[in-house]
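Given the structure is predicted, the values throughout are model-derived calculations rather than measurements.
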Amino acid sequence: MKRKYLVGLVALLLAAASSVGLYQLYAGAEEKVETSFRPNVVIDASDYPQLTAQQLVQLSQADESGTVTAVSFSDEAAMRDLRPGIYTANVAIQLSFNQEITRTVTINVWDKQGPDITVPKTVTVTAGAEFPVEKYSVSDAVDGKIASEDLSITGYDANQVGQQKVTLTATDQAGNKTTAHVSVKVLAAEADTSLTAANEENEASETPETSEVATAESNETVASTRATTPEATTTTSEDVATTTVTEATRTSQSESKAEAETEATTATETAATTNQETETTTITNEESPVVTETSVLKFAGGTVPFGQSNGASAAPGSGAGTWMGSGSVSDGALTHFIGHNPGDFAGVMSLDVGATITVVDASGASRTYTVYEVLDVTDEGYNNRNLQDDVLPRMLYDGGERISLQTCISDTVNRCVLAR
């Protein structure tokens with residue numbers, strides 16, 4: 001009897017040990033998933049025109065800890081024509097002993113590649129002509145063909161004859177820019193010699209007629225003068241005296257009238273000048289309207305303007321951009337700002353926990369946020385001091401009215417400041 005109980009006890013202990021072993025195996029497999037699985041994936045749309053389930057499995061390393069049984073994208077159509085933005089996918093992984101777990105992958109799609117500008121070998125135009133944009137073509141790996149009319153052109157002078165160096169700049173929807181330097185030859189416009197010759201011939205044919213008319217008029221004048229001369233010679237000395245006095249009187253009256261008109265004009269101009277000065281003084285004394293700042297960040301003793309750059313692969317050339325969010329201070333959501341260092345965002349490097357950042361949004365409303373975390377983050381979104389620390393979820397996806405500022409330290413590491 002004792003032997004029977006002993007055998008049963010041993011069997012019970014073996015079963016318990018087996019259960020513990022199985023649990024440890026399962027727990028170890030799940031821990032391996034947490035260690036190797038990458039819940040945040042950052043890709044360039046130029047490298048991935050579309051994203052398949054197999055590519056996502058490789059990027060997230062989901063197959064390193066088990067067998068992937070299913071991948072479900074939040075937007076299947078978007079994966080077939082990948083554009084900059086943020087997407088999600090659920091990945092089902094089968095572990096040992098038919099245990100299955102599901103993990104979510106956040107897919108950050110960027111566009112870091114600028115458009116391509118196709119430039120002809122030689123371009124020649126005539127002085128006064130517009131720049132021939134139709135001779136150039138622009139295409140982008142993500143946006144497709146870009147209209148030539150959207151090219152930015154600098155350095156072209158239509159009136160400057162000779163060889164010119166012109167700069168063309170193309171910008172895609174993500175804000176990436178490509179610059180091309182081209183040479184354009186401007187030729188002098190040819191004169192219309194046939195028209196000039198016709199004008200000279202017309203002038204030559206008209207000259208004799210004009211001379212004859214002038215001669216006829218001159219002869220008539222002489223005849224008229226000769227006809228009136230005898231009457232003029234019969235004028236008496238008394239008539240001459242009377243005429244002289246009359247002319248003198250007229251001259252005196254004309255001079256008096258001219259002086260009166262001059263004085264009146266001077267008085268009018270003086271009055272107008274006085275009125276103008278009075279009006280100018282009145283306008284000057286009016287209070288200037290108060291200008292309200294909008295769409296600016298204030299921190300580290302400086303003010304930085306910002307615009308919309310959502311999903312862009314790089315910060316704007318000046319100021320800052322909203323990589324995520326709208327910049328509103330009252331929408332209860334995050335706005336993630338990006339800017340250059342060196343540049344307008346260099347002050348981000350001096351911010352510590354407890355520092356304040358004031359945001360004035362597009363409506364003129366303002367809010368002051370307090371920094372609660374400062375991190376150095378890799379381009380993949382991990383803490384540079386602890387590569388197991390995935391920063392993106394708490395920086396970009398935590399709820400509440402918050403902001404975060406990002407600027408580059410190097411080509412692969414960024415300073416990120418979180419504030420609320």
Legend entry - Modelled atom types, side-chain donor and acceptor of Asn90 and Thr102, under 3.5 Å: no

Legend entry - Check: Tyr156 and Val125 side chains under 4.5 Å, non-hydrogen atoms: yes

Inset, instruction - Go through Arg83 and Asp143 one step at a time and tell me if the salt bridge (Lys or Arg N to Asp or Glu O under 4.0 Å) criterion holds. - result: CA-CA 9 Å; Arg83 300 283 172 174; Asp143 301 334; 3.7 Å; yes

Inset, instruction - Report yes if some heavy atom in the side chain of Asp390 is under 4.5 Å from a heavy atom in the side chain of Pro39; otherwise report no. - result: yes

Inset, instruction - Kindly say whether the aromatic ring centers of Phe337 and Phe299 come within a distance under 6.0 Å. - result: no

Inset, instruction - Report yes or no: does Ser309 contribute a side-chain atom to a donor-acceptor pair with the main-chain N or O of Ala312 at less than 3.5 Å? - result: no

Legend entry - Gln160 (side chain) donor-acceptor with Asp157 (main chain) under 3.5 angstrom: no

Legend entry - Leu405 CG to Met349 CE distance, which is reported to the nearest 0.5 Å: 12.5 Å

Legend entry - Short side-chain to backbone donor-acceptor contact, Thr88 and Ser74, under 3.5 Å: no

Inset, instruction - List the steps and the verdict of side-chain contact (heavy atoms from CB on, under 4.5 Å) for Val142 and Ser46. - result: CA-CA 6 Å; Val142 177; Ser46 301; 3.9 Å; yes

Inset, instruction - Say whether, by atom type as modelled, one donor and one acceptor occur between the side chain of Ser326 and the main chain of Ser328 under 3.5 angstrom. - result: yes

Inset, instruction - Decide yes or no on side-chain contact (heavy atoms from CB on, under 4.5 Å) for Asn108 and Val41, but give the supporting numbers first. - result: CA-CA 6 Å; Asn108 293 274; Val41 173; over 6 Å; no

Legend entry - Closest non-hydrogen atom pair, Val374 against Arg415: CG1-CD, 3.5 Å

Inset, instruction - Would you indicate whether Glu130, at its atom CD, is surrounded by more than 12 heavy atoms from other residues, nucleotides or ligands within a distance under 6.0 Å? - result: no

Legend entry - Thr368-Thr356 side chain donor-acceptor pair, cut-off 3.5 Å: no

Inset, instruction - Quick one: pull up CH2 in Trp323 and CD in Gln406 and give me the separation to the nearest 0.5 Å. - result: 8.0 Å

Legend entry - Under 3.5 Å: donor-acceptor pair, side chain of Arg367, backbone of Val329: yes

Inset, instruction - Output yes when a side-chain donor or acceptor of Asp344 lies under 3.5 Å from a complementary backbone atom of Gly319, and no otherwise. - result: yes

Inset, instruction - Could you walk me through whether Arg394 and Asp389 pass the salt bridge (Lys or Arg N to Asp or Glu O under 4.0 Å) test, one step at a time? - result: CA-CA 10 Å; Arg394 68 176 182 273; Asp389 179 17; 2.9 Å; yes

Inset, instruction - Report the C-alpha distance between Thr118 and Val138 in whole Å, list the side-chain angles of each, state the deciding distance to 0.1 Å, and finish with yes or no for side-chain contact (heavy atoms from CB on, under 4.5 Å). - result: CA-CA 6 Å; Thr118 302; Val138 186; over 6 Å; no

Inset, instruction - Find out whether Val359 and Ser366 are in side-chain contact, i.e. whether some heavy atom of one side chain is under 4.5 Å from a heavy atom of the other. - result: no

Legend entry - Side-chain ion pair, Glu380 and Arg38, N-O less than 4.0 Å: no

Legend entry - Inter-residue atom distance Ser137.OG - Lys135.NZ, 0.5 Å rounding: 12.5 Å

Legend entry - Whether Asp361 side chain and Ala365 backbone form a donor-acceptor pair below 3.5 Å: yes

Legend entry - Residue from Asp376, Thr378, Asp379 passing side chain to side chain donor-acceptor pair (under 3.5 Å) with Asn414: Asp379

Legend entry - Residues Thr303 and Glu293: side-chain donor-acceptor under 3.5 angstrom: no

Legend entry - Inter-residue atom distance Ile93.CD1 - Ser60.OG, 0.5 Å rounding: 7.0 Å

Inset, instruction - Enter the distance from Thr67:OG1 to Gln94:CD here, rounded to the nearest 0.5 Å. - result: 6.0 Å

Inset, instruction - Using distance alone, with no hydrogens and no angle criterion, decide if Glu401 and Tyr369 have a side-chain donor and acceptor under 3.5 Å apart. - result: yes

Inset, instruction - Answer yes or no for Arg420 and Tyr372: cation-pi contact, defined as NZ/CZ to six-membered ring centre under 6.0 Å and angle to ring axis within 45°. - result: yes

Inset, instruction - Evaluate the side-chain proximity of Ile338 to His336: yes if any heavy-atom separation is below 4.5 Å, no if none is. - result: yes

Inset, instruction - First locate atom CG of Asp140, then atom CD of Gln113, and finally report the distance between them rounded to the nearest 0.5 Å. - result: 7.0 Å

Inset, instruction - Check step by step if side-chain contact (heavy atoms from CB on, under 4.5 Å) holds for Thr154 and Val166. - result: CA-CA 6 Å; Thr154 56; Val166 181; over 6 Å; no

